[in-house]
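A short write-up of the structure that comes next.
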Amino acid sequence: MLQGFLSALFSKDVPRSVIYLVPTRALISQVADDLTSQFQDFAHAAPSIVTVPVDSDTPLDERVIYVMTQERAQLGLSAHPDFAAGVIIVDEAHSIADGSRGVLLQWVIDDLLVRNPSAQILFASPSIRNLDVFGRLFGLEDVVPFSSIEPTVAQNFLVAKVESATKGKISVQTAGDGSQPLRPVTSLQLERTLASRVDKLVHIPAVLGRGHSNIVYANGPAEAEKVAMQLAELFADREPTEKRLALSDLAKEAVHANYGLVECVKFGVAFHYSNIPTQLRRAIEAAVSSGDVDYLVCTSTLLQGVNLPAKNIFMFAPEKGKTNPLDSTDFWNLSGRAGRLRREFQGNIFLIDYEKWKKKPLDGPKDSIVVPAIETSINEHQDRLMTVISGSSPAARGDDANLETTFLRLYTDFKNGDLGQTFERIGVEADSAQSALLSAALLDAGARVTIPAEVLRRTPNVSAHKQQRIFDKLNARIALGKDGARSLIPLHPREGDAFQSYADILEICHELILGIDTTRSLHRFHALIALKWMKGLPLPQIIQEQIDRATDKAVQTTIRNTLTLIETDIRFQAVRMFGCYNTLLVYGLDSAGYVDLVSSIPSVPLYLEVGASDKTMISFISLGLSRVTAMKLNELSARKDLDTAGALQWLRTRPLEALGLSPLLLAEVAALARA
């Protein structure tokens with residue numbers, strides 16, 4: 001339905017800009033791939049599909065669909081103040097309730113609507129009870145709810161109870177569609193020990209799911225890996241197919257030769273969690289869809305819009321995050337993946353030892369009430385929010401991005417005269433004590449913050465007080481003269497002293513944004529990893545160096561920790577900190593009259609986000625290629641300054657078989673070259 005809508009939008013050869021907001025980088029890749037396929041044989045001029053923010057020096061395409069997270073969209077909007085989208089699509093719109101990122105999503109949508117009040121906006125989300133929340137939050141009077149009506153697969157909820165852990169005896173009962181009393185189905189003797197969580201998540205699916213596509217839900221990446229590797233051991237008699245071997249090779253290239261996935265996928269088993277590199281995760285999803293992988297062990301990542309149905313789903317006391325039992329709406333969302341349309345009449349959801357679950361989600365609602373994150377911050381965490389707004393308490397030196405983003409949104413609205421409208425939309429009455437308290441606190445904050453609101457908002461998840469402290473530190477150096485100002489400029493990753501430059505910047509940010517004791521030199525370690533990442537070093541090389549450093553840890557743990565390090569500390573936290581630093585540095589240089597120095601500030605946040613700093617490599621990534629493929633092509637190219645058009649032309653003039661790529665990487669390049 002949405003694909004047809006987009007095709008109709010671009011059926012006339014006129015300028016058209018669409019922004020498609022998604023909550024995760026994984027969904028950027030999935031949506032961009034789907035859109036590229038959709039417009040492959042389009043009768044009209046196909047729109048560009050853009051996934052990386054376009055820098056301020058590059059003109060924007062006239063017919064384009066931007067597929068971005070709210071963070072990338074915010075960077076793009078800052079770089080192009082005149083950009084306005086005609087259509088805004090908000091996928092997984094319920095993520096507006098998700099802490100700091102939910103506040104930022106709301107902010108980005110508000111900005112887009114200010115730039116084009118007549119823009120058409122579509123909110124897409126599963127099972128929301130209070131759809132009117134979007135109209136109220138954005139001042140939209142003509143919101144029309146529309147439920148998609150598609151044929152569905154019947155779902156059968158089955159309770160598998162372990163009767164004897166030592167003998168592996170289980171009984172199976174059915175609850176029908178989840179609302180019916182339990183009725184006996186069968187009893188089985190598995191002849192395998194079913195004592196631990198992992199035992200149950202391995203052996204019950206191995207027997208009951210054999211011959212079908214299966215999803216096994218694990219509580220976290222470590223458990224997912226352990227369950228998958230034990231399942232693979234049970235199926236070690238399977239002959240690896242050519243496609244499975246190709247997926248195994250990709251896991252080596254994208255992560256590391258000792259990564260657990262390398263062996264698992266040879267036997268039709270895989271695991272799936274958020275920190276796995278996007279290209280490998282997409283390849284796993286494709287293998288599940290094609291049937292080359294029939295056992296997928298996943299975490300809550302699967303709740304974030306990734307479309308992976310299966311015949312059977314197995315769960316045992318499922319959690320989302322650490323120690324948080326899966327609530328009923330997430331449970332029903334996950335259960336909806338059971339059964340594949342046009343392949344089966346029925347999908348099965350196996351609930352293992354259901355009576356031991358902390359929550360009984362079958363009894364809960366299938367739909368949810370969305371509460372925007374900004375409302376949660378104000379109504380449920382007001383005392384902590386007031387501490388953040390005051391900025392005077394030592395506790396406020398810690399990092400609470402959720403409340404800091406709320407504070408900054410309220411503060412910039414206050415400075416711009418929009419606070420009353422914001423309060424009205426989030427349900428804070430104008431003459432209430434709550435309104436008076438917040439307004440007074442914001443007024444007091446304004447007396448101590450000198451940075452203009454339009455500068456502060458470019459780093460929406462760092463409080464105004466912290467930004468002011470950083471600016472004061474930078475401004476003191478700038479006041480010493482042009483040489484002092486020049487010394488603050490981050491170096492390009494290819495420059496010789498880049499490491500020390502990044503270590504100095506991160507030391508400031510760790511102290512003033514994160515409240516970290518910098519005597520432990522974590523900033524130096526992060527600067528080193530960030531430099532390697534931005535220079536385009538292969539992830540397997542970075543991981544191997546970490547393995548060599550941590551000889552006392554299990555290799556799988558080190559690999560998993562390094563993936564988390566890259567995704568959390570480098571691609572999120574360091575992006576946030578360098579973005580803040582660069583923004584304040586630009587403001588300081590402009591204010592001091594050193595405008596000529598501004599153009600020499602490299603785009604470190606973008607380099608950190610994509611894992612590249614050569615323009616050619618970034619262009620390959622912007623074209624939709626994975627980092628590992630872009631890195632290999634960048635090494636082959638003599639020129640490192642190609643824009644996207646030049647990179648595509650270079651690619652199309654090379655014989656693909658001469659690129660020396662593995663099968664899945666070659667297929668990725670071939671698809672782009674044909675587009």
Side-chain angles (χ1 to χ4, degrees), residues 1-6 18-32 34-35 65-73 85 87-110 112-113 119-152 155 274 300-309 320-321 324 326-338 341 361 364-376 402 425-427:
M1 182 171 60
L2 184 56
Q3 290 181 347
F5 169 72
L6 288 172
V18 175
I19 189 159
Y20 197 129
L21 297 170
V22 296
T24 65
R25 284 193 290 263
L27 275 178
I28 289 178
S29 177
Q30 179 174 305
V31 171
D34 290 345
L35 289 174
I65 302 176
Y66 297 97
V67 184
M68 297 184 177
T69 59
Q70 52 265 50
E71 289 83 4
R72 291 191 184 185
V87 176
I88 307 160
I89 299 171
V90 187
D91 201 1
E92 304 292 320
H94 56 278
S95 61
I96 208 155
D98 293 344
S100 171
R101 301 191 70 236
V103 178
L104 179 56
L105 175 60
Q106 177 186 340
W107 209 341
V108 166
I109 295 170
D110 276 330
L112 288 165
L113 290 173
Q120 185 175 6
I121 182 165
L122 288 82
F123 298 97
S125 186
S127 307
I128 291 181
R129 198 180 315 166
N130 59 328
L131 285 168
D132 61 307
V133 67
F134 299 113
R136 171 174 61 81
L137 197 61
F138 298 106
L140 305 171
E141 297 179 356
D142 53 352
V143 174
V144 179
F146 184 83
S147 299
S148 60
I149 302 173
E150 297 181 357
T152 57
Q155 293 177 327
S274 62
S300 58
T301 305
L302 208 64
L303 295 167
Q304 298 172 331
V306 178
N307 184 25
L308 276 182
K320 183 180 181 182
N324 296 317
L326 203 66
D327 62 31
S328 60
T329 51
D330 282 334
F331 169 82
W332 288 105
N333 182 8
L334 181 61
S335 299
R337 312 301 172 94
L341 196 61
K366 294 184 180 181
D367 56 0
S368 60
I369 294 177
V370 172
V371 179
I374 191 170
E375 294 182 21
T376 301
N402 293 348
R425 290 181 177 180
I426 62 178

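None of these values were measured; they are calculated from a predicted model. For this chain, numbers begin at 1 and follow the sequence in order.
The side-chain heavy atoms of L21 and I89, taken from C-beta on, include no pair separated by under 4.5 Å. Looking only at side-chain heavy atoms (C-beta outward), D110 and R425 come within less than 4.5 Å of each other. Taking the side chain as every heavy atom from C-beta outward, E92 and T24 never approach each other to under 4.5 Å. Using a 4.5 Å heavy-atom threshold, the side chains of V143 and D132 count as separate. Contact annotation: the side chain of V87 approaches that of F5 to within less than 4.5 Å [non-hydrogen atoms, C-beta and beyond]. At least one side-chain heavy atom of L140 sits under 4.5 Å from a side-chain heavy atom of F123. Counting heavy atoms from C-beta outward, F134 and I109 have side chains that stay 4.5 Å or more apart. Residues R101 and E71 form a side-chain contact, since some pair of their non-hydrogen atoms from C-beta on lies under 4.5 Å apart.
In this structure, A32 and V67 approach most closely via the heavy-atom pair N-CG1, 4.4 Å. Listed here is the closest heavy atom pair of A93 and S125: N-CB, 3.8 Å. Heavy-atom minimum distance, I426 versus R136: CA-NH1, 3.7 Å.
The line from CD of Q120 to CD1 of I88 is 10.0 Å long, rounded to the nearest 0.5 Å. One finds the CG atom of L27 at 6.5 Å from the CG atom of D91 (value rounded to the nearest 0.5 Å).
For the pair T69 (side chain) and R25 (backbone), a donor-acceptor distance under 3.5 Å is absent. Side-chain atoms of Q155 come within 3.5 Å of backbone atoms of S335 as a donor-acceptor pair (strictly under, hydrogens ignored). The backbone N or O of V370 sits less than 3.5 Å from a side-chain atom of N130, completing a donor-acceptor pair. Remark: side-chain polar atoms of N402 are paired, donor with acceptor, to backbone N or O of S100 under 3.5 angstrom.
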